[in-house]
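Quick notes on the structure that follows.
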Protein chains: 2
Amino acid sequence: MTSDGLAGDLPPGSAGHIPEPVDGPADPGTVRPGGRTARVREAVLRAAGDALAEHGFAGLDLADVAQRAEVGKTTVYRRWGSTTALVADLLVDMAESSVSRTETGSLLGDLRANAHLVRRTLTDERQGALFKAVIAAATCDNRTSDALHAFYATRIKEWAPCVEAAIARGEAPAGTDPHEVIRAVSAPLYYRLLASGDPLDEASAEHAATAAAAAARAGAYVR
Amino acid sequence: MTSDGLAGDLPPGSAGHIPEPVDGPADPGTVRPGGRTARVREAVLRAAGDALAEHGFAGLDLADVAQRAEVGKTTVYRRWGSTTALVADLLVDMAESSVSRTETGSLLGDLRANAHLVRRTLTDERQGALFKAVIAAATCDNRTSDALHAFYATRIKEWAPCVEAAIARGEAPAGTDPHEVIRAVSAPLYYRLLASGDPLDEASAEHAATAAAAAARAGAYVR
DNA sequence: GACTTAATGGAACAGGAGTCCCGTTATGAC
DNA sequence: GTCATAACGGGACTCCTGTTCCATTAAGTC
């Protein structure tokens, strides 16, 4: 099997991970990160995303990714080493691409915008499959799950201000945890995607938003 | 890799799946399901659960499962054929074991009982890891995800009556979807387990229950 | 208890994932 | 432009997953 999920395979950090000067040779990709190296990483991550969306995490084969990226198989194994490490790097890349947030002026309006954005993402053929695969990978490896958590922390932080504004407007009681409210909007949609399998229709997004808004108003998310 | 997630590998149904009389030879385990066959299935499913809890889905190796179950490797490959099919059968087995439901007399009380039960399950070392692994497997294969959805449908159905009772008592508006309320309790806990990684503490269970109750009271789950 | 054959299990086999070696390319520093 | 060497890529090699074959065991029927 690809990875035991716990072995000490250092993920050769190609982004955001500047290693302290170890005596041994540095991880490949860190000393000359420009030009070819960057092009290779870009091509491999795109190929990995495609492969994950098509075959899911269990079907992720590094040799296949190398071929799609038109890159040597050795390179992929040397720089990433395992499927989970590759997914972890993909998540770092995904976290960097920010999504725009809309401001409607009311808590319910903002939460509805968020709910429909999440729903659209998860029902998109490629994106939905990709998220499923990435979450599956994260269940198998600690570093990958760390990267996943960082990804969601980024996204939740981006949307927290709309709850803070709502508190300032008096739409929710003081002491309400903004992150908890944002999580409450996404949670039912992810639950459908991953667990229950119920349809991710427009109504489910509406329910998610109205429920989170009602619960916030009632003070259910006061710390 | 173990399974491409779509190939037409018939999972030799050992439970709940009575095949129509095909001309070809029947799936192994269906003609003489008693005695040894049943013991083998039990041992293999237990071993599969242990292996999943220990190494996660990516680390699931059928040869390892066979050894743990003290069963021939050939038997496991013949009867289940792929890791995802084995997990699907495990889910059928899990769905059969029912969990007791408590009746507290109020919607909030019942939902709190449910939330804490789910939380306890997901934070249990073995059970939590098992659920993660099973969900990961379901993202990779259609039959496995069908089995997972059936599992949750069973569980949700078991708890729906407490919402129906609440509607009858006037605690939630008529037309409220009971299943939606029960899902709303579990969803934030699963979201933490699988996506955001936030701690599954007692407070998170309380929030899940109170939020679902408040949203239901406010009519957020009216169809 | 005897009989048919479904189901199991050991062993040999095949194919592919992942590793290693070493020559080639091109980055970054001067 | 020149140079040292980081990073890449092809191909051979290894080991392990998954398959096939056939002898052995025991479930179900009379």
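Note that the structure is a prediction, hence the values are computed from the model and not measured.
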Quick one: is B:Tyr77 getting a side-chain N or O under 4.0 Å of the D:dT19 phosphate, OP1 or OP2?
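Answer is no, no contact under 4.0 Å.
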Going by salt bridge (charged side-chain N to carboxylate O under 4.0 Å, His left out), name the residues that satisfy it together with [X], two or more places apart in sequence or in a different chain.
X        : answer
B:Arg101 : B:Glu103
B:Glu202 : B:Arg119
B:Asp93  : none
A:Glu42  : none

[X]: side-chain hydrogen bond (donor to acceptor under 3.5 Å, both in side chains) partners, not counting sequence neighbours:
X        : answer
A:Asp124 : none
A:Ser204 : A:Asp201
A:Thr104 : A:Asp110

Let me know the distance between [atom1] of [X] and [atom2] of [N], rounded to the nearest Å.
X       : N      : atom1 : atom2 : value
B:Arg41 : D:dA27 : CZ    : C1'   : 18 Å
A:Arg79 : D:dG9  : CZ    : C1'   : 14 Å
A:Gln67 : C:dG18 : CD    : P     : 15 Å
B:Leu86 : D:dT17 : CG    : C1'   : 15 Å
B:Leu60 : D:dC16 : CG    : C1'   : 16 Å
A:Asp61 : C:dG18 : CG    : P     : 6 Å

Charged N to carboxylate O below 4.0 Å: is that the case for B:Arg68 and B:Glu54?
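Salt bridge between B:Arg68 and B:Glu54, a charged N being under 4.0 Å from a carboxylate O: yes.
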Hey, is A:Asp89 close enough to A:Arg41 for a salt bridge, meaning N to O under 4.0 Å?
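Between A:Arg41 and A:Asp89 there is a salt bridge, with a charged N closer than 4.0 Å to a carboxylate O.
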Axis-to-axis angle across the helix from C:dG1-D:dC30 to C:dC30-D:dG1, five pairs an end, to 10 degrees?
60°
Could you list the residues that satisfy side chain to side chain contact (heavy atoms under 4.5 Å, CB included) with B:Thr102, not counting sequence neighbours?
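Side chain to side chain contact (heavy atoms under 4.5 Å, CB included) list for B:Thr102, sorted by chain: B:Ala113, B:Trp159.
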Side chain to side chain contact (heavy atoms under 4.5 Å, CB included) involving B:Asp198 - partner list, sequence neighbours excluded
A:Arg183, B:Arg192, B:Ser196
For nucleotides 24-30 of chain C, which of its nitrogen or oxygen atoms have a protein nitrogen or oxygen under 3.5 Å away, and what is each distance?
residue : atom : partner : partner atom : Å
C:dT25  : O2   : A:Arg36 : NH2          : 3.0
C:dT27  : O2   : A:Arg32 : NE           : 3.0
C:dT27  : O2   : A:Arg32 : NH1          : 2.7
C:dT27  : O2   : A:Arg32 : NH2          : 3.0
C:dG28  : OP1  : A:Gly34 : N            : 2.7

Nucleotides 10-14 of chain D: which of its N/O atoms have a protein N/O under 3.5 Å away?
residue : atom : partner : partner atom : Å
D:dG10  : N7   : A:Thr74 : OG1          : 3.4
D:dG10  : O6   : A:Thr74 : OG1          : 3.0
D:dG11  : O6   : A:Thr74 : OG1          : 3.3

